K.L.:
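Below you'll find the structure I mean.
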There are 2 protein chains.
Amino acid sequence: MNPAERDRYQQVADDLRRRVEAGEFKVGERLPAIPAIAESYGIARNTAHEAVRTLAQWGVVVSKSGSGTYVRARPGVRQLIRCYDRLRGEGGPIANGLETAARRQGMRSYSSQSIYAPMEVRVRLGLGDPDLEDRPDVMETEYLHQLNDEPTMIVRSWEVLTITRGTPIALPEEGPYAGRGVMERMAGIGMAVDSTSEVVGARAASSEECVKLQMPPGAPVLTIRRTFWVGGQPVETADYVIPADQVELAYSWRIGQAPEDRDTAV
Amino acid sequence: MNPAERDRYQQVADDLRRRVEAGEFKVGERLPAIPAIAESYGIARNTAHEAVRTLAQWGVVVSKSGSGTYVRARPGVRQLIRCYDRLRGEGGPIANGLETAARRQGMRSYSSQSIYAPMEVRVRLGLGDPDLEDRPDVMETEYLHQLNDEPTMIVRSWEVLTITRGTPIALPEEGPYAGRGVMERMAGIGMAVDSTSEVVGARAASSEECVKLQMPPGAPVLTIRRTFWVGGQPVETADYVIPADQVELAYSWRIGQAPEDRDTAV
DNA sequence: TCGAATTTGTGCGTATGTATC
DNA sequence: GGATACATACGCACAAATTCG
């Protein structure tokens, strides 16, 4: 037998999703309360709770403690355009397949400190032996971005201090380029970022992240490890943690005729 | 007080993760059984089970029913290189930051059918009015990829039949280019794919996907909507569903000096 | 303003099913 | 087949948040 249909709470969760998608419960509306669900399906309250929790993990609904569980808006997904091929004209990927990006972030709080880079960051930044004078070698900054008073992502960035030390941009959020973004600030001291690499993954949010991002436990997050390069040399790297709820990452690029391209394209 | 520390099962999950990361339990080793955990922390078996389940959602451990819960290998992550800047030489992003990709997929089972494209696919492929003769207009193929007898991803692809109909590549897994990948097959009929767009997201796996991919319920998956373009015209689009467990997507690209670049780079 | 009712979330004890060894 | 371990299910209780009279 199909193991997915063996468990009651899965059956109920699947059925509730079907009913939501069939339009029986509109976006923003409240689902029946857990005790009501339990009775109508002939299951225990606990099992009904498990079903609703599953629905919430799927992103179909959000549960507000003390209030109820509400059908979530599906089309509210923001696309973050990460990389795109500007050579395309009208009718290209952007115009046809990808919507406009929400470029403006909302507020962001931050805190910076110069530290001795941890091992993983050393590798990513290509830092060799420690500073001879044993000084901190990176500026670490943690941001909490918010949009409409709701947290949208956590960013931790590390900038190479041997590059920025003593310049006006040493502190990311002070000086003439305060809050301008890494590329613009680097450009301010003559470092033109010419290359980007990103590694994208996903996992369930840690309990700490659930608190900071106001997410239910177990909800998935997208993770990005991004590095900026100047002439083959990494100058900054950052970790993004983004609730997978409402965000998608858009990439678009041109393809050459090298055989490697055909190999990698699954 | 920190709400994350209010719940017992969260505390225990956090503590177990700390112990795993501290090396108390090595990779591949078995954790204490749930009843043992329950006793040692002074909690109910049920609560201990919840803690272990949380650990599994975090990807720290995998639970094998009837056997035990085992610490999972962290460094075993496969990086799928999606897009990279080939102009970089040694010492560039690839060499320093990104490891070699596992290009070879394992086995894959598939099934194809020519259908009338659903609405969402029509939009992605830029299909206008339906075929005058009301014939199917796309070839839909579903793949289940496997590596070492373990499912690695589900792919559903749609190819535009007005392009491939009557050609040797109409059926993806038959003819001279059977199983060669979309780009190579398209090249076989003179269609040189010159552009790619991808939209990456993440969510909890549906119950159906959990079965096909042999994942625990609620585990996160990466999703990719990919489209291949020829001269501004989409020729194929596909949906990827990949367990977020052990996979990361690597992107790397060059950056121009246009101001838009600095805007989009957060 | 206050308190009662409702709702979600957690915790416990127990029982049962199923997979593995 | 028996022992062990994980997974689900139920019933109950309580805490915290919200709603509403």
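The figures that follow rest on heavy atoms only: side chains count, while hydrogens, waters and symmetry mates do not. Treat the numbers as computed from the prediction; the structure is a model and nothing was measured.
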K.L.:
Check this one for me: any side-chain N or O of Tyr9(B) less than 4.0 Å away from OP1 or OP2 of dT10(C)?
P.N.:
yes
K.L.:
Quick one: is dA5(D) close enough that its OP1 or OP2 comes under 4.0 Å of any side-chain N or O from Arg30(B)?
P.N.:
yes
K.L.:
May I have the step-by-step check of side-chain contact (heavy atoms from CB on, under 4.5 Å) for Lys64(B) and Thr69(B), ending in yes or no?
P.N.:
CA-CA 6 Å; Lys64(B) 294 188 195 301; Thr69(B) 80; over 6 Å; no
K.L.:
Given atom CG of Leu31(A) and atom P of dT6(C), what is their separation to the nearest angstrom?
P.N.:
19 Å
K.L.:
Closer to the 5' end of DNA chain C via nearest nucleotide, is it Ala44(B) or Gly66(B)?
P.N.:
Ala44(B)
K.L.:
Considering heavy-atom distances to DNA chain D, does Ala48(A) or Tyr70(A) have its closest nucleotide positioned more toward the 5' end?
P.N.:
Ala48(A)
K.L.:
Can you list the steps and then say if Glu140(B) with Glu159(B) is a side-chain contact (heavy atoms from CB on, under 4.5 Å)?
P.N.:
CA-CA 7 Å; Glu140(B) 181 184 76; Glu159(B) 296 177 4; over 6 Å; no
K.L.:
Separation of His49(A) atom NE2 from dA9(D) atom C1', in whole Å?
P.N.:
15 Å
K.L.:
Is the NZ or CZ atom of Arg122(B) positioned over Tyr116(B)'s six-membered ring, under 6.0 angstrom from the centre and within 45° of the axis?
P.N.:
yes
K.L.:
Write down the distance between CD (Glu50(B)) and C1' (dT8(D)), rounded to a whole number of angstrom.
P.N.:
12 Å
K.L.:
Rounding to a whole Å, what distance do you find between Ile34(A):CD1 and dT10(C):C1'?
P.N.:
12 Å
K.L.:
Can you tell me how far P of dA19(C) sits from CG of Asp7(A), to the nearest Å?
P.N.:
11 Å
K.L.:
Strictly below 4.0 Å: does Thr47(B) bring a side-chain N or O up to OP1 or OP2 of dC12(C)?
P.N.:
yes
K.L.:
Flag this pair as yes if the NZ/CZ of Arg72(A) is under 6.0 angstrom from the six-membered ring centre of Tyr70(A) and inside a 45 degree cone about the axis; otherwise no.
P.N.:
no
K.L.:
Kindly say whether, by distance alone, the side chain of Asn46(A) makes a donor-acceptor pair under 3.5 Å with the base of dG11(D)?
P.N.:
yes
K.L.:
Near Arg17(B) CZ, under 6.0 Å, is it more than 12 heavy atoms from other residues, nucleotides or ligands?
P.N.:
yes
K.L.:
For Gln11(B) and dT10(C), what is the distance between atoms CD and P respectively, to the nearest whole Å?
P.N.:
12 Å
K.L.:
Without decimals, in angstroms, what is the distance between Lys64(A) NZ and dT7(C) P?
P.N.:
17 Å
K.L.:
Roughly, in whole Å, what's the span from CD1 in Ile37(B) to P in dA5(D)?
P.N.:
11 Å
